[in-house]
A.B. asks: 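Sharing a structure here in structure tokens format.
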Amino acid sequence: VEPLVAAYIIYDLWEENMVAKSIKEIETEKYHIGRMFLMDEDTVRETLEEIQALKLITIETIAGLNQVRINPNITKEDILNMIIKEA
């Protein structure tokens, strides 16, 4: 899956006042990228790393956290504009 599309899905499903989301939830929850695109754990992690390289999320694995945080300065509309610019 394209990193920007995956990032848009993550941002769209991000609940208000949520600080972080576990990578396991991104892999397995309904409508999240792992389940929607039938991705295994390694593929989800690779996609998250690509999104992190775009500075849209931060992956936290220290002390076994295994979670992501979105960039508070970016909105899902910003990501949609990035997708449109790439098209």
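Heavy atoms only: backbone and side chains are in, while hydrogens, waters and symmetry mates are out. Only a predicted model underlies this, so the values are computations on that prediction, with no experimental measurement involved.
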A.B. asks: Where do Ile9 and Tyr31 come nearest, in terms of heavy atoms and distance?
C.D. replies: CG2-O, 3.5 Å
A.B. asks: Same cluster or not: are Ile23 and Leu65 linked, directly or through other Ile, Leu, Val, Met, Phe, Trp or Tyr residues, by side-chain heavy atoms under 4.5 angstrom apart?
C.D. replies: no
A.B. asks: Output the distance between atom CD1 (Ile10) and atom CG (Leu48), rounded to the nearest 0.5 Å.
C.D. replies: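 Taking CD1 in Ile10 and CG in Leu48, the distance rounds to 5.0 Å.
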A.B. asks: Please collect all salt bridge (charged side-chain N to carboxylate O under 4.0 Å, His left out) contacts where either partner lies in residues 37-46, sequence neighbours excluded, each pair once.
C.D. replies: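 Qualifying pairs, neighbours excluded: none.
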A.B. asks: My understanding is that only residues two or more places apart in sequence, or in another chain, count here; which of them pass side-chain contact (heavy atoms from CB on, under 4.5 Å) with Ala7?
C.D. replies: Ile51, Leu56, Ile79
A.B. asks: Sequence neighbours left out, what pairs pass salt bridge (charged side-chain N to carboxylate O under 4.0 Å, His left out) with at least one residue falling in residues 55-84?
C.D. replies: Asp12-Lys76, Glu60-Arg69
A.B. asks: Sequence neighbours left out, what pairs pass salt bridge (charged side-chain N to carboxylate O under 4.0 Å, His left out) with at least one residue falling in residues 15-37?
C.D. replies: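 Sorted pair list: Lys21-Glu25, Lys21-Glu29, Lys24-Glu27.
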A.B. asks: Restricting to non-hydrogen atoms, name the atom on Tyr11 and the atom on Ile57 that form the minimum distance, rounded to 0.1 Å.
C.D. replies: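 Answer, listing the atom of Tyr11 first, then Ile57: CE1-CG2, 4.3 Å.
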A.B. asks: So which atom in Val44 and which in Gly34 form the shortest heavy-atom distance, rounded to 0.1 Å?
C.D. replies: CG2-CA, 3.7 Å
A.B. asks: List the residues meeting side-chain contact (heavy atoms from CB on, under 4.5 Å) with Glu2, not counting sequence neighbours, and say none if there are none.
C.D. replies: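 Expected list: Val5.
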A.B. asks: Spell out, as yes or no, whether a donor-acceptor pair under 3.5 Å connects the side chain of Gln52 to the backbone of Ile59.
C.D. replies: yes
A.B. asks: Listed by chain and number, what are the side chain to side chain donor-acceptor pair (under 3.5 Å) partners of Asn66, not counting sequence neighbours?
C.D. replies: none
A.B. asks: Under a single-linkage definition using a 4.5 Å side-chain heavy-atom cutoff for Ile, Leu, Val, Met, Phe, Trp and Tyr, are Met18 and Leu13 assigned to the same hydrophobic cluster?
C.D. replies: yes
A.B. asks: For the hydrophobic clusters of this structure (ILVMFWY residues joined by side-chain heavy atoms under 4.5 Å, transitively), does one cluster hold both Ile84 and Leu4?
C.D. replies: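 Linked, Ile84 and Leu4 end up in one cluster.
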